[in-house]
Number of protein chains: 2
Amino acid sequence: MHDVARLAGVSAKTVSNVINGYPHVREATRAKVQLAIDKLGYELNVTARNLRLGRTGLITLALPELKLPYFAEFADEAIRAAEARGLRVLIEQTNADRARELAVLHGVRRVMTDGLIFSPLALGPDDIRLFQVDFPLVLLGERVFGSGNDHVAVDNVAGARAATQHLIEGGRRRIAVVGSHPDEPVGAPALRERGYREALAGAGIAVDEALIRPGQAWHMSVGAQLTDELIASGVAFDAVFALNDALALGVLHSLHQHRIKVPAQVAVIGFDDVEESAYVRPTLSSVSPGREQIATTAIDLLLQRIAESPGTPAGERAPARRVLAEFSLVPRQSSGAR
Amino acid sequence: MHDVARLAGVSAKTVSNVINGYPHVREATRAKVQLAIDKLGYELNVTARNLRLGRTGLITLALPELKLPYFAEFADEAIRAAEARGLRVLIEQTNADRARELAVLHGVRRVMTDGLIFSPLALGPDDIRLFQVDFPLVLLGERVFGSGNDHVAVDNVAGARAATQHLIEGGRRRIAVVGSHPDEPVGAPALRERGYREALAGAGIAVDEALIRPGQAWHMSVGAQLTDELIASGVAFDAVFALNDALALGVLHSLHQHRIKVPAQVAVIGFDDVEESAYVRPTLSSVSPGREQIATTAIDLLLQRIAESPGTPAGERAPARRVLAEFSLVPRQSSGAR
DNA sequence: TTGTATGCGTTATCAA
DNA sequence: TTGATAACGCATACAA
């Protein structure tokens with residue numbers, strides 16, 4: 001910067017002013033400086049600026065796994081939203097590994113970014129105190145509550161209720177659930193199952209536990225396998241609510257292999273509204289969880305925390321906010337939509 | 001750091017020495033310093049260290065799209081490899097957009113990282129001069145050659161040849177290709193098609209152009225649609241080489257819908273060996289492109305460039321290296337493997 | 001509208 | 001084995 005200043009016959013401050021678009025710079029000066037910048041091929045040293053400003057303009061997005069389409073699409077949304085606000089995103093995969101999730105909160109992965117958007121999967125309600133941190137943090141998902149952090153989540157219960165009601169309105173009564181996690185009281189699986197039960201109860205339909213099929217990994221292959229087992233078990237069913245779209249794609253696959261017509265014999269609905277769901281045949285009905293809203297809200301909440309002067313004592317900070325995103329039902333062919 | 005030094009009764013340099021594991025520190029001193037660190041809850045300011053060292057320990061990985069399973073899995077490998085070498089990875093999605101690819105090379109997305117691993121999709125052979133940059137750069141893929149950069153690529157031609165030979169060895173003679181890009185002379189599609197043609201030529205089989213089906217987007221739905229069209233066209237075929245696994249999954253889907261038995265009537269093979277390929281039914285034969293080797297090689301090449309002192313004139317730098325990764329054929333059920 | 005002086009928090013040099 | 005001092009490159013007060 002000093003070299004540029006010397007060549008342009010001005011001070012370093014003026015060069016800085018030009019680079020940062022400071023308005024009160026005479027046009028002639030600006031041109032001189034710009035010329036010198038181009039001539040020398042000068043580039044601003046961002047690290048020095050970061051040090052001076054005490055910010056890096058980088059935020060961390062910590063997710064379980066990028067390979068899962070839901071998270072890949074969410075990361076995409078988050079990157080766009082961040083970019084629109086002048087931020088860049090450093091993605092950390094935790095692989096639902098406890099040590100890695102800890103490192104994101106307190107270890108080496110914590111470093112160099114202005115804040116963290118975190119979707120925990122290994123850490124749970126017992127770890128609340130670990131979430132009491134002194135840097136900007138926004139949580140995603142449903143695993144950790146009462147930790148006093150800002151929180152953005154899918155409205156799992158209402159979304160699942162709507163999906164189930166949709167099947168009921170289509171005349172279905174024997175609705176199977178694929179992918180439940182019976183041993184996990186918290187998290188998306190439990191909440192989506194609860195929405196299912198609420199919808200049945202609301203319609204006066206008794207729950208048949210034989211229709212609820214546990215499946216740990218929410219992958220396509222698991223959806224197919226659970227459906228195979230369901231068919232083999234001989235339990236009658238006329239619809240399937242797959243707890244996410246990957247499972248639902250597997251369900252469709254299995255039904256197809258067994259020559260069961262969708263939606264004529266069995267209606268299918270998923271959850272997440274992944275891109276692929278609009279392209280498979282039959283197209284897959286789903287619940288769109290408000291991914292974009294979640295991403296933008298999370299970024300905005302984080303930005304507000306970053307803007308709070310770092311020295312603010314905990315007592316004077318804005319109270320923690322919790323946002324449930326607006327979902328929407330997306331009826332397609334698999335549930336009999338025209 | 002000065003506060004810690006004062007509390008411990010030492011100088012800031014000694015605190016720095018302790019933090020950085022400098023060996024010549026007396027054990028008693030180290031203990032004193034560590035105590036002061038813990039007592040004050042001191043954390044190193046990484047930005048200041050970055051400024052002083054002239055490095056950030058961060059590298060950029062610029063990819064077309066994270067949603068594509070191949071890139072998601074590649075990013076995963078790259079992150080692991082980087083981590084093992086003490087680096088972190090900033091992922092940039094270009095969406096095959098020219099402006100974004102330019103920004104990665106020369107614009108705002110260039111900033112703050114020690115080097116770039118770049119898989120271009122919009123920039124091509126005409127843009128060679130854009131790749132003459134003065135920061136560490138490793139290219140992935142096949143689009144840009146002769147730019148004088150280090151380069152790591154899938155061995156597309158040999159991999160495709162092996163895939164086709166595998167089908168031929170299984171007795172297939174009417175082998176369709178799904179997903180060609182006839183208007184693109186460079187890049188993976190062209191190279192894989194070339195491998196196909198070489199294999200046919202080697203076996204003395206004439207190429208039937210009606211069997212080669214162009215398809216721009218390499219998505220599952222496209223694979224299904226192209227197969228539908230192939231079947232509708234009435235052209236006889238006994239095997240399909242899908243130019244990647246996503247297409248191949250669509251091919252399987254379509255064949256299934258048309259009650260065509262795989263592999264009895266039609267054998268199928270893909271390319272990329274995506275995780276899901278091992279789980280679909282029938283399991284999908286594929287070509288494993290050496291993803292892990294590509295990731296680790298790219299990181300290692302980049303590290304060597306980073307290690308070259310930045311002032312080294314172009315003439316004295318190590319010559320550009322080009323690495324073709326070792327692929328392997330993965331025969332599964334879809335091509336008749338037991 | 002532009003310039004001067006100062007410090008952000010660290011590590012390197014070199015001396016003690 | 002440890003310490004004093006000087007950068008790293010920038011932005012901010014404040015002065016001019």
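Every chain is numbered from 1 and lettered A, B, ... according to where its sequence line falls, protein lines coming before strand lines. Computed from a prediction, not measured in an experiment: that's the story for all the values here.
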Is B:Arg26 near enough to D:dT1 that one of its side-chain N or O atoms lies under 4.0 angstrom from OP1 or OP2?
-> no

note: A:Met1, atom CE; D:dC8, atom P; distance rounded to Å ~ 14 Å

(message) Measuring to OP1 and OP2 of C:dT2, would you say a side-chain N or O of A:Asn17 lies under 4.0 angstrom away?
(response) no

Heavy-atom nearest nucleotide on DNA chain D taken for A:Tyr42 and for B:His24; more 5' hit belongs to B:His24

Looking only at C:dA12, C:dG9, D:dC10, the nucleotide nearest the B:Leu53 side chain is C:dA12

- Quiz item: B:Arg52 side-chain donor-acceptor pair to C:dT10 base, under 3.5 Å: no

For this session: Answer yes when B:Arg100 and A:Glu83 have at least one side-chain N-carboxylate O distance shorter than 4.0 Å, and no when they do not.
Result: yes

Closest to the side chain of B:Arg49, out of C:dT10, D:dC10, D:dG3, is C:dT10

Margin query: Assess whether a salt bridge exists between A:Arg322 and A:Asp150, defined as any Lys/Arg side-chain N lying under 4.0 Å from an Asp/Glu carboxylate O.
Written below: no

Checklist entry - If you look at every strand shown and take non-hydrogen atoms under 4.0 Å, does A:Asn20 touch a base, only sugar-phosphate, or nothing? => result sugar-phosphate

Atom CG of A:Asn50 and atom C1' of C:dT10 are separated, to the nearest Å, by 14 Å

B:Thr14 vs D:dG3: side-chain N/O to OP1/OP2 distance below 4.0 Å: yes

Taken to the nearest whole Å, CG/A:Asp3 to C1'/D:dC10 is 14 Å

Checking D:dG9, D:dG3, C:dT10 against the side chain of B:Ser11 (C-beta onward), the nearest is D:dG3

As a quick check of understanding, evaluate salt bridge (charged side-chain N to carboxylate O under 4.0 Å, His left out) for B:Asp76 and B:Arg291, giving each step before the final call. CA-CA 10 Å; B:Asp76 194 24; B:Arg291 233 189 322 269; over 6 Å; no

(message) So A:Val46, base contact, sugar-phosphate only, or nothing? Heavy-atom distance under 4.0 Å.
(response) nothing

Whichever of B:Ile19 and A:Tyr22 has the more 5' nearest nucleotide on DNA chain C, that residue is A:Tyr22

Taken to the nearest whole Å, CG/B:Leu51 to C1'/C:dG7 is 12 Å

- Task: Look at all strands and tell whether B:His2 reaches a base, only sugar-phosphate, or nothing, counting heavy atoms closer than 4.0 Å.
- Result: base

So does A:Thr60 get a backbone contact from the side chain of A:Glu92, meaning a donor-acceptor N/O pair under 3.5 Å?
no

When every non-hydrogen atom of A:Leu130 is compared with those of A:Leu105, the smallest separation belongs to O-CD1, 3.7 Å

Side-chain atoms of A:Thr29 come closest, of D:dC10, D:dA11, C:dT2, to C:dT2

Any side-chain N or O of A:Ser16 under 4.0 Å from OP1/OP2 of D:dT12? no

Residue pair B:Ala48/B:Lys13 against DNA chain C: nearer the 5' end by closest nucleotide is B:Ala48

